[in-house]
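Only one structure is covered here, and it is reproduced in the block below.
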Amino acid sequence: MLELRGVNAGYGTFQALFGVNLDVKAGEAVGVIGPNGAGKTTLMRVISGLIRPSRGAIKMEDVDLVATPSHKIVSLGIAHVPENRRLFPQLTVDDNLKMGAFMKEARGHYAERLEVVFDLFPRLKERRHQMAGTMSGGEQQMCAIGRAMMSNPKLLLLDEPSAGLAPVVVQQVFELVKRIRASGLTVLIVEQNVQQVLKVVDRAYLIEAGTIRASGTSAEMLASDTVKEAYLGV
Amino acid sequence: MMGQGRLAAWGIGLAALVALPFVYRDPYHLHILVLILIWSFAYTSWSMMGRFGLVSLGHGGFMGIGAYVTALLWNHLGLSPWIGIPISMVAAGALALIVGYPCFRFRITGHYFVLVTLALSGIVLQVITATRDYTGGSLGYTPNRASGNGLLALQFDDKTTWYLIALAIWLFGIVVWHWVDRSMARYALEAISEDEDAAAAAGVDVTAEKLKITLLSAVMTALAGAIYCQYQMFITPDTVSGIAVSLQMVFAAIVGGLFVSLGPTIGAIITIMLAETLRIGFGTKAVGWDNLVYGVLLVLFIIFLPKGILGSVLDRLKPQRKVSPNS
Amino acid sequence: QEKKIKIGVVFDLTGPLAGGGSELGYIGAKIILDHFAKTGVEGYKVEAVYADAQSKPDIAINESVRLLEQEKVDMVLGFFSSAQCVPVAARVEQLKKFMWMTTCISSAVFNDKGYKYVFRPQASGDQFGMMTVDFIAQNAKEKLGKEPKDLRVAIIHEDGAYGVDVSKGNEAGAKKAGFNVVLKEGYSATAPDLSALVTKLKRAKPDVIFHTGYNPDITLLLRQAREQGLKFGALMGHGAGYGVYEKLKEGMGADATYIFNADPISIWLANQKTMDPKLPPVIKMVGDEFDKIRPGVAIRSAHVGIGASNTYVFMSDVLPRAIKKYGGVDPEALRKAALDTDIPEGGTMLGFGVKFYGEGTAMAGQNERSFPVVIQYIDDKSSVVWPKSQAQRDAVLPLPKGTTYSNQ
Amino acid sequence: MLEVSGLVKRFGGFTAVNNVSFRVDQGEILGLIGPNGSGKSTIFNMLSGTLAPSSGSILFGGHEIAGLPPHRIINRGIGRTFQIPRPFRRLTIFENVALAGFYGQGRHSRVKAEEAAERSLAMVGLPTDRHASVDGLGAAGLKKLELAKALATAPTLLLADESLGGLDEAEMDQAADMLRNIRDELGITIIWVEHIMGVLMRVVDRVMVLDHGEKISEGLPSAVAGDPRVIEVYLGTDAETTQAAAAEARRRAGG
Amino acid sequence: MQAFVDIFDIYLLEAVINGILLGGVLALLALGLNLIFGVIDVTWICYAELVMIGMYGMYFMVQYYGISYFVAAPLTILLVALLGAALHYLVIAPLLTAPPINQLLATGGVLFVLQSFATVAFGIDFRNLGIRLPVLAFGDMNFSYARLLSFVAALVGMVCVYLFMTRTFTGTAIRAISQDRQIMALMGVDTRRIYLITSALGGALAGLAACLLVLQYDVHPFVGLSFGPITFLICVLGGLGNFIGGFIAAFVFAEIISLGGLFSDLEWGYVLAFAFFIVMMFIRPAGLLARRR
Ligand SMILES: Nc1ncnc2c1ncn2[C@@H]1O[C@H](COP(=O)(O)OP(=O)(O)OP(=O)(O)O)[C@@H](O)[C@H]1O
Ligand SMILES: Nc1ncnc2c1ncn2[C@@H]1O[C@H](COP(=O)(O)OP(=O)(O)OP(=O)(O)O)[C@@H](O)[C@H]1O
Ligand SMILES: [Mg+2]
Ligand SMILES: [Mg+2]
């Protein structure tokens with residue numbers, strides 16, 4: 001479904017990704033783990049078109065993403081929950097969700113999707129008229145995920161969805177990832193919470209200093225020495 | 001800390017500036033130079049707070065107070081500008097506090113601050129116009145010619161004298177700029193301009209710090225207004241207190257470069273020279289074209305040199321700021 | 001070395017004042033200067049250097065200083081706005097150069113300043129104001145059927161240099177005439193709304209309104225007056241906007257009829273019979289040249305004539321004398337020549353004579369023989385109705401029944 | 001040293017903190033936990049003066065500080081970090097910290113402020129280089145900078161809001177050690193808000209739990225970790241890990 | 001006491017109503033500016049100058065080319081909409097990442113350019129369309145038809161814009177764009193398009209204002225000075241981006257000018273309005289309608 005080949009990317013003169021290859025098959029949940037500053041977020045951004053690769057190819061179901069303008073990438077079915085939520089703080093929860101359904105394709109299903117999201121996060125329904133910026137960190141994370149879900153995506157990119165959430169909610173989020181996946185969605189998830197994330201994904205990549213250091217099924221990764229030593233910092 | 005080389009450069013530059021009127025005596029050019037120095041000082045005063053995101057369009061008002069209070073005291077009470085100027089500065093400072101305190105207390109920032117100050121300069125303008133029985137209204141106001149001692153009245157016919165006075169005032173402005181730049185207050189104000197809550201959490205008394213710089217800036221601007229009046233021997237509400245004046249200050253400061261000490265000066269040189277050259281260049285042959293070209297150039301400057309002319313030039317020359325290793 | 005006089009000419013060609021009449025004054029002055037550039041004066045070549053003051057006093061100062069010190073002109077001439085004349089005159093005097101103002105009517109320009117090198121052949125603003133009041137005072141009984149003390153008058157003006165000065169004349173005149181001044185108020189020419197003023201006028205019920213303003217605010221005031229149903233007996237304008245009939249007509253249509261205006265007489269209306277016979281051809285020349293520049297103007301604005309006539313006085317009278325009698329065009333010679341000026345009534349295109357108040361008097365430099373006239377616009381023509389000596393027809397006063405603003 | 005009673009904060013009609021009372025003793029590390037939106041950051045905001053309480057009293061070192069402006073409170077010795085780092089990007093790292101050192105300690109001496117900056121930077125493990133720019137800092141670096149700024153104000157009470165969010169596990173452990181060092185070496189009392197129970201429970205002496213703005217539990221880590229109400233609203237299936245961590249902490253403390 | 005009674009006459013009522021009508025004019029002007037300045041947070045200092053160009057457009061179409069008023073109006077609206085879009089494309093777009101003060105200044109430069117362009121292209125003459133609409137009379141009170149028209153246009157415009165901004169996806173995107181421009185792409189929003197739509201809409205509203213103002217005011221290159229500052233103050237007084245607030249603020253301002261002018265001098269009426277603005281900023285910094293925090 002998603003395919004990255006030899007992707008280089010960075011910020012100005014600073015290169016953050018070096019020849020990254022990565023595959024996500026339809027219906028899979030794939031994790032990306034790695035220490036701070038490894039380039040995980042950069043990877044997500046390069047997929048959703050927020051930054052452009054300086055080299056390499058990215059394909060989504062055979063559509064060349066590099067050649068697609070970034071605002072068109074959503075309509076290919078990719079939704080990105082960015083790091084640090086990035087809500088529109090002065091818009092209400094409702095309006096934030098509305099923005100998630102901005103694309104032409106999604107507008108028709110606005111009401112249905114809203115139901116789905118409110119089902120997932122009843123708290124959002126309670127707070128639908130509150131300014132997003134005044135909500136607590138966890139509530140904001142829910143809103144951000146909800147917003148991404150509004151576009152009815154095929155592939156969901158989650159960048160550290162559990163950051164700053166209470167343990168119960170973290171559980172919920174991972175449950176949610178499972179559920180989203182069960183409903184046929186493909187998920188690519190970046191997490192620091194390695195133990196947890198490896199429980200819900202099929203496969204994972206370990207990224208370090210902008211290069212893929214290891215990859216494999218969750219079980220392989222949990223067992224892998226590279227992962228333990230490089231990442232868990234034991 | 002200033003390096004030896006820079007200190008020497010400043011020294012030589014200054015000596016040259018002081019010597020200039022004794023070598024070069026073209027009166028019109030000296031006139032323009034005096035104006036440039038006075039306005040440079042005014043722009044520097046503005047940038048004192050402007051550089052910290054406190055964009056004021058009310059400085060025309062402070063300038064007007066400086067000019068009018070000094071002149072009114074001289075004409076009506078015969079108070080020498082040597083006393084009148086400090087009084088006018090106090091008056092401008094008081095106004096700055098009256099408007100500034102609630103603004104800062106109630107967190108009026110950004111656009112809101114810009115517009116409150118805009119209204120302020122509007123008020124000063126209207127008040128000067130409406131109290132025409134005292135201020136001469138839009139006909140303008142002229143300080144009475146001193147009968148005796150020109151020094152006492154701060155009135156000189158000689159351009160060289162004025163040039164030296166303006167130079168001293170300008171230098172004073174630059175020194176104050178550097179003094180602020182190297183003080184802890186600069187850190188505080190930079191911090192405030194980015195995030196008031198975070199600055200407060202670092203222990204900064206946000207309201208007080210903002211008030212202090214506003215006061216300084218307003219008082220200096222009033223001085224500029226008073227000096228301008230003494231030099232031109234004439235003021236009108238539009239030339240010293242209109243919204244146009246306030247805008248002109250912002251323009252020059254930004255065009256020159258807001259974050260470097262000589263930026264506003266460069267801004268003054270460029271805007272004044274440009275306006276003069278264009279006006280004289282086009283003359284009456286192509287009426288109105290000078291302002292058209294002036295406007296277009298301003299827009300281009302701002303688009304292509306967003307850090308100001310001097311700021312952008314220095315940026316090119318200086319090596320990049322060091323980026324710390326990722327931790 | 002050839003003999004030459006270089007004249008710096010400053011008017012507003014851009015900015016709000018340009019349309020307020022300054023540009024028309026410039027055209028008038030330029031026609032005359034161009035004329036003398038061809039002929040020369042007493043063997044001197046005439047060269048004019050023009051500058052645009054852009055309706056801003058500080059630019060007027062800068063341009064004057066530049067012309068005098070950089071371009072080395074022998075004198076400056078022109079100026080429309082008193083707000084510019086006040087500082088420029090002070091500067092010129094300080095530099096001991098010569099200045100000849102064609103307009104700048106504010107009395108504040110001269111009041112007790114004791115200038116030696118600054119001259120103005122033009123009538124002053126308070127004279128304008130007093131002229132219209134005088135006209136009403138003389139006609140109150142007969143035409144309006146009221147004793148002066150029963151006559152309700154309102155004085156309104158834009159709050160710029162010009163309006164303020166004229167209104168002072170109005171007020172002083174009204175006091176002298178014993179009118180009942182029911183309202184006196186200034187407003188900013190850029191005010192977006194004058195309805196409050198109109199309401200106050202309605203409440204004050206004036207018989208006569210004395211108004212000074214520029215075209216945009218005149219149009220706005222009269223438009224709002226019409227919309228709010230303000231009624232009065234006569235509207236007295238005072239030059240500036242009221243001097244440009246074209247614009248009044250454009251904004252008000254037929255309602256522009258019967259408006260009075262105090263201005264120096266339009267040179268094309270001046271009584272040519274009592275005039276120095278060498279002037280009518282000049283008047284015709286100015287008219288022809290103006291028509292070339294601005295074809296198709298129904299009533300040529302008085303501003304053109306003011307610029308032309310006042311420039312002509314200098315070129316044809318003062319300058320030759322300076323050269324012949326005082327041996328040159330230096331400020332001293334020009335000053336002495338100007339002080340010698342003695343033109344009787346009828347000696348200028350504007351009808352009045354020229355003699356300057358001498359040094360040591362309160363208005364030193366001001367022409368003591370100048371006076372404006374009151375004209376009235378009737379059927380797209382302007383006719384002098386006051387003073388009697390110049391009057392071409394009887395004034396229509398008060399506004400006839402059936403006209404928009406008539407209170408009859 | 002800190003005694004809070006009846007603290008209330010309302011936003012419009014919504015009560016974010018409802019009648020919360022607690023005390024903190026000198027030299028203690030108090031863990032403050034609770035579901036998202038339960039009012040933890042709001043309490044911090046009131047303690048540090050960023051927000052004025054709707055009602056209630058905050059006694060710090062015997063003085064009432066409720067409603068004082070932030071700079072006064074900081075000068076009395078309460079330092080804080082922000083949950084989402086708020087560095088001053090136009091200043092260098094050093095200037096960021098020196099600023100806090102100067103103003104946070106009552107604007108006494110520039111030299112002292114710069115010394116404090118050097119010490120704090122060294123303490124959290126950031127470079128003391130005077131020209132290093134903030135732009136180069138990653139998530140972990142920014143969290144450290146927050147701490148360094150708070151430390152430079154020479155606090156006696158430190159409010160640390162989610163100092164571990166977004167850190168990888170290696171850095172998390174480092175940061176936890178750092179907090180403990182701060183207490184042990186500098187004798188600074190700490191209130192610590194965190195969602196990562198595995199780490200928090202190992203470090204804190206006492207835990208207080210909020211839910212919907214109200215205090216629902218308070219006590220030793222092991223006790224709180226076993227409180228069924230806390231498990232229900234906050235810990236969920238994480239309870240076991242949390243209890244394990246608490247148990248380990250007790251063992252270490254005991255041994 | 002007598003003076004006190006005198007004040008409550010028919011003229012007071014007339015002044016109040018005229019204030020309301022002036023409010024309509026100001027509200028109409030503030031509407032488009034509120035969209036640009038308040039919502040997408042871009043400072044068009046030259047907004048009133050766009051209106052000025054629109055007024056010239058109307059003048060020349062009607063007076064010179066003899067096009068009927070009702071045909072010229074939509075053309076003018078289109079023209080100013082294009083101008084707004086061009087302004088964005090040429091001046092604002094390159095500065096979107098620059099500090100707001102730079103935008104303010106660049107548009108300030110455009111203000112100069114437009115004024116001098118008008119001087120060069122149309123001359124310095126004051127021009128008047130010369131259309132004289134009938135007057136509405138109620139007994140002793142008379143009201144301006146042109147102003148009534150502006151009032152209605154402002155009301156209808158305000159309602160339309162409000163509905164557009166709150167009910168449509170595009171409207172929501174317009175409100176979102178100033179808050180996080182980068183992330184808009186993730187929503188599938190083409191930011192350039194949103195900016196263009198908004199600028200054109202802002203321009204069109206300026207054009208609409210021009211069509212109605214030209215019925216009441218002379219056109220000249222500096223006519224913008226009469227309205228510019230006041231319009232900005234109104235937007236802020238109403239609360240940036242708050243259309244209903246802006247609408248109400250226009251009336252509050254107009255009443256102060258009108259009643260202030262009636263009770264004291266016209267000049268002091270404006271001083272009063274400005275002073276009121278400053279005081280209100282302290283009492284209700286987020287706008288008239290905002291709840292105090
Ligand atoms: N906007 C930016 N400009 C310049 N450099 C950046 C920018 N964003 C990230 N970087 C740098 O790129 C590198 C990779 O960053 P990235 O955010 O992708 O890491 P990450 O793996 O997501 O880390 P974390 O776990 O802290 O979120 C880091 O060294 C970071 O400093
Ligand atoms: N300015 C405000 N206006 C309205 N509601 C607010 C405001 N600030 C906070 N709230 C609400 O108050 C509640 C408590 O917020 P707070 O930030 O204290 O939560 P928290 O416990 O720190 O949560 P988290 O762990 O997610 O950071 C939340 O529901 C939040 O939406
Ligand atoms: Mg990341
Ligand atoms: Mg929090």
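Just so you know, these numbers come straight off a predicted model, no measurement behind them. Every chain is numbered from 1, with letters handed out A, B, ... down the list of sequences.
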- request: Of all the heavy-atom pairs spanning B/Glu194 and D/Arg90, show the shortest one and how long it is.
  value: OE2-N, 2.6 Å
- request: Evaluate whether atom NZ of D/Lys9 has more than 12 neighbouring non-hydrogen atoms of other residues, nucleotides or ligands under 6.0 angstrom away.
  value: yes
task: Provide the closest heavy-atom pair for B/Met184 versus D/Ala98 in the form atom of the first, atom of the second, distance.
output: CE-O, 3.9 Å
message: Quick check on B/Thr207 against chain D: is it the side chain, the backbone, both or neither that has a heavy atom closer than 4.5 Å?
response: neither
task: Please look at B/Glu196 and chain D and tell me whether the side chain, the backbone, both or neither of the residue comes under 4.5 angstrom of a heavy atom of that chain.
output: neither
field: Structural part of B/Ala199 lying under 4.5 Å from a heavy atom of chain D
entry: both
Full working for side-chain contact (heavy atoms from CB on, under 4.5 Å) between B/Asp197 and D/Arg86: CA-CA 9 Å; B/Asp197 278 335; D/Arg86 294 161 98 165; 3.5 Å; yes
- request: Enter the distance from B/Tyr187:OH to D/Phe88:CZ here, rounded to the nearest 0.5 Å.
  value: 13.5 Å
task: Would you name the heavy atoms of B/Ala202 and D/Thr153 that are closest together and state the gap between them?
output: O-CG2, 4.0 Å
query: Rounded to the nearest 0.5 Å, how far apart are CD of B/Glu209 and OH of D/Tyr103?
result: 3.5 Å
task: Just do the salt bridge (Lys or Arg N to Asp or Glu O under 4.0 Å) check on D/Glu95 and B/Arg186 with the steps written out, would you?
output: CA-CA 10 Å; D/Glu95 287 168 346; B/Arg186 192 200 107 217; 3.8 Å; yes
statement: Ranking D/Thr50, D/Ile73, D/Ile74 by heavy-atom pairs under 4.5 Å to chain B gives rank one to D/Ile74
query: Between D/Arg110, D/Arg80, D/Lys149, D/Arg72, which has the largest tally of heavy atom pairs under 4.5 Å with chain B?
result: D/Arg110
